[in-house]
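The structure under discussion appears below in the form of structure tokens.
As the structure lists them, so they are numbered: ligands from 1, and atoms in each ligand from 1.
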Amino acid sequence: MKPATAIIDGKALRHNIDIIKSLAPNSQICAVVKANAYGLGIRRVVRELEDHVDAFGVARIKEALMIQESGYEGKIVLLEGFFNKEELLKTLSRRFDTVIHNLEQLTLLESVADKWQAEQEKGFWQRKTKIYFPINVWLKIDTGMHRLGIHPDQVEEFYRRLKNCPLVESITFISHFSRADELDCGYTEKQIQVFENASRDYPAQRSISASNGILYWKQAHYDWVRPGIIMYGISPHNTPIIDLGFQPVMTLSSSLIAVRDHKAGEPVGYGGAWVSVQDTKIGVVAIGYGDGYPRNAPEGTPVFINGRKVPIVGRVSMDMMTVDLGSDSQDKVGDEVILWGKDLLIEEVATSIGVINYELITQLTPRVLIEYMD
Ligand SMILES: *Cc1c(COP(=O)(O)O)cnc(C)c1O
């Protein structure tokens with residue numbers, strides 16, 4: 001009998017990469033594995049995909065170090081760049097690609113480069129234990145998200161200064177959509193136009209599309225696409241994407257640890273929050289908010305047991321939840337319970353709880369066992 005376990009299907013992961021390649025055949029793929037590969041386990045996901053994608057993207061340098069130390073020798077992109085000088089020096093010695101999105105990062109890079117060049121000219125660098133390499137910089141332009149990135153008017157200056165910097169090997173323009181899941185709002189077209197205008201005069205590669213861009217904005221695939229959630233077979237919005245050929249990669253399951261006869265009129269769980277209107281059987285499932293399953297999941301949120309959906313009743317507790325199996329239930333202690341996966345799409349669960357799919361998978365805690373199958 002298994003406790004809360006996330007089963008990761010490596011074949012489905014690679015299948016989804018093939019779908020992405022068919023959607024964006026002329027683009028390279030920067031597979032986004034930030035936040036521990038969205039909860040699926042970054043090392044293993046990198047190992048499964050390293051021969052199938054062109055780069056990996058992370059949001060924290062710790063994850064870049066981890067995947068390089070685990071043996072991956074290819075391109076790693078720091079999607080928010082380095083946070084301080086120490087991280088910049090690691091970026092240079094490890095040869096990571098980095099985003100630069102503000103003036104502070106640019107001036108820090110320039111000052112390190114000045115010092116590096118001066119030392120090189122004096123021949124000091126040969127004696128240094130740390131060797132720095134010129135790196136690829138992804139210059140982030142704010143095209144309308146208004147979160148990170150330089151103003152389009154600053155592109156000329158930043159580009160010139162990066163070109164002049166001896167620690168910069170090449171420049172790629174990057175931006176991010178804010179409303180790419182709203183197909184008729186007109187905003188994405190504006191962002192694409194701003195990106196075009198800001199970047200078209202330069203001989204540089206470009207990238208703007210994450211999952212929604214890959215699915216819905218073919219004209220914006222450019223040189224690099226940056227898939228995150230769709231690699232894992234999960235929709236970037238509430239409507240499932242299995243119709244487009246994607247396969248769910250994660251199945252989150254646990255087990256029934258008790259099946260109890262329950263009388264009409266009796267409450268279940270903390271606060272007596274749910275009272276049965278009829279005699280029934282209550283199943284107790286070994287997963288709770290201590291595993292990252294949301295405590296605020298309302299009554300009626302589905303789980304999948306023995307070929308059917310049954311509703312959660314009563315409050316989700318730390319280690320357990322209770323479900324109404326119905327009076328005819330034949331379910332037994334030890335039976336498998338699926339919280340989401342191929343049999344119960346995560347989109348349905350997220351909609352029922354009122355969260356986004358991204359939150360459900362990234363909030364799983366280290367207590368959940370991760371198992372890989374092929
Ligand atoms: C997280 C992230 C992505 C991937 O987003 P999805 O919606 O999961 O595809 C792509 N690019 C950047 C810069 C990101 O931070």
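- Not a single donor-acceptor pair under 3.5 Å links the side chain of Y289 to the backbone N or O of N296.
- Nearest protein heavy-atom neighbour of atom 1 (C) of ligand 1: K34 NZ, 1.5 Å.
- For atom 8 (O) of ligand 1, the nearest non-hydrogen atom of the protein is Y38 OH, 2.5 Å.
- With salt bridges taken as basic N to acidic carboxylate O contacts below 4.0 Å, one links R161 and E110.
- For ligand 1, the atoms closer than 4.0 angstrom to any heavy atom of G228 are 4 (C), 6 (P), 8 (O), 9 (O).
- Within ligand 1, counting atoms from 1 as listed, the ones closer than 4.0 Å to a heavy atom of V32 are 1 (C), 3 (C), 4 (C), 10 (C).
- Residue N102 holds its CG atom at 11.5 Å from CD of E80, rounded to the nearest 0.5 Å.
- Ligand 1 has no nitrogen or oxygen under 3.5 angstrom from a nitrogen or oxygen of L79.
- Set against the non-hydrogen atoms of I229, the atoms of ligand 1 under 4.0 Å away are 6 (P), 8 (O), 9 (O).
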**Message:** Apply ring-ring contact (aromatic ring centres under 6.0 Å, His included) to residues F158 and H101 and explain how you reach the verdict.
**Reply:** CA-CA 10 Å; F158 271 70; H101 60 78; 10.0 Å; no
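- Ring pair Y202/Y159 is tilted by interplanar angle, where 30° to 60° counts as tilted.
- Closest to atom 11 (N) of ligand 1 among all protein heavy atoms lies R226 NE, 2.9 Å.
- The heavy atom nearest to atom 12 (C) of ligand 1, out of those in E80, H176, H237, H101, is found in H176.
- Relative ring orientation between Y232 and Y38 is described as tilted, the plane-to-plane angle lying within the 30° to 60° band.
- Residues E87 and K62 are not paired through a salt bridge, judged by the lack of any N-O separation under 4.0 Å between the basic side chain and the carboxylate.
- The protein heavy atom nearest to atom 9 (O) of ligand 1 is S211 OG, 2.5 Å.
- The protein heavy atom nearest to atom 7 (O) of ligand 1 is Y358 OH, 2.7 Å.
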